[in-house]
Amino acid sequence: MPRDTNAYGDIFGGWLVSIMDNAAGLTAARHSRGRAVTVAMDGMQFLQPVKVGCEVSVYTEIEKVGRSSMVIAVEAWRRERHTENAVKVTQAKFTFVAVDDSGRPRPIEA
């Protein structure tokens with residue numbers, strides 16, 4: 001929406017990072033069967049702009065699982081409103097840690 005853009009009509013990078021972090025968080029919570037928190041984000045690359053009116057799709061893939069942590073690769077793709085062609089606009093790796101109700105790391109059960 002226009003409130004999410006800069007003066008040139010491109011979506012703010014922070015908005016896109018937020019959407020990607022949310023998608024990775026859902027993946028981390030589902031895999032760890034509970035609360036998981038973001039502890040790092042690496043390798044953010046903005047490849048193409050996203051304009052107002054574009055559809056944005058986000059895809060995640062778990063790359064590595066440790067005792068309590070997970071590395072999740074995230075890609076965001078845009079599709080202009082009246083086309084079928086999707087273009088990758090950004091990618092990053094998010095690291096999450098599974099935590100208990102006290103916020104302490106907990107093991108991820110297989």
Problem set entry | 4.5 Å side-chain heavy-atom contact, Asn6 and Phe12 | yes
Exercise. What pairs with Glu63 under side chain to side chain donor-acceptor pair (under 3.5 Å), at least two apart in sequence or on another chain?
Worked result: Lys93
Problem set entry | side-chain contact (heavy atoms from CB on, under 4.5 Å) against Val99, all qualifying residues, sequence neighbours excluded | Arg35, Val37, Val97
List the atom pairs, donor and acceptor, that lie under 3.5 Å between side-chain atoms in residues 18-31 and the rest of the protein, sequence neighbours left out.
| residue | atom | partner | partner atom | Å |
| --- | --- | --- | --- | --- |
| Asp21 | OD1 | Thr38 | OG1 | 2.7 |
| Thr27 | OG1 | Ala23 | O | 3.2 |
| Thr27 | OG1 | Thr60 | OG1 | 2.7 |

Problem set entry | Same apolar cluster (I L V M F W Y, side chains within < 4.5 Å links), Leu16/Val58 | yes
Problem set entry | Rounded distance [0.5 Å steps], CZ in Arg81 versus OG1 in Thr83 | 11.0 Å
Problem set entry | Value rounded to 0.5 Å, distance of CZ in Arg3 from CH2 in Trp15 | 10.0 Å
Problem set entry | Shared-cluster residues of Val87, by chain and number - hydrophobic side chains joined below 4.5 Å | none
Problem set entry | Euclidean distance, Lys64 NZ relative to Ile72 CD1, rounded to 0.5 Å | 13.5 Å
For this session: Would you list the pairs meeting salt bridge (Lys or Arg N to Asp or Glu O under 4.0 Å) in which at least one residue belongs to residues 101-110, sequence neighbours left out?
Result: none
Listed pairs under 3.5 Å, donor-acceptor, residues 43-56 side chains, sequence neighbours left out:
| residue | atom | partner | partner atom | Å |
| --- | --- | --- | --- | --- |
| Gln45 | OE1 | Gln91 | NE2 | 3.0 |
| Lys51 | NZ | Asp10 | OD1 | 2.7 |
| Glu55 | OE1 | Arg79 | NH2 | 2.8 |
| Glu55 | OE2 | Arg79 | NE | 3.3 |

For this session: Compare every heavy atom of Met70 with every heavy atom of Ala98, then report the nearest pair and how far apart it is.
Result: N-CE, 4.4 Å
Exercise. For the hydrophobic clusters of this structure (ILVMFWY residues joined by side-chain heavy atoms under 4.5 Å, transitively), does one cluster hold both Phe94 and Trp77?
Worked result: no
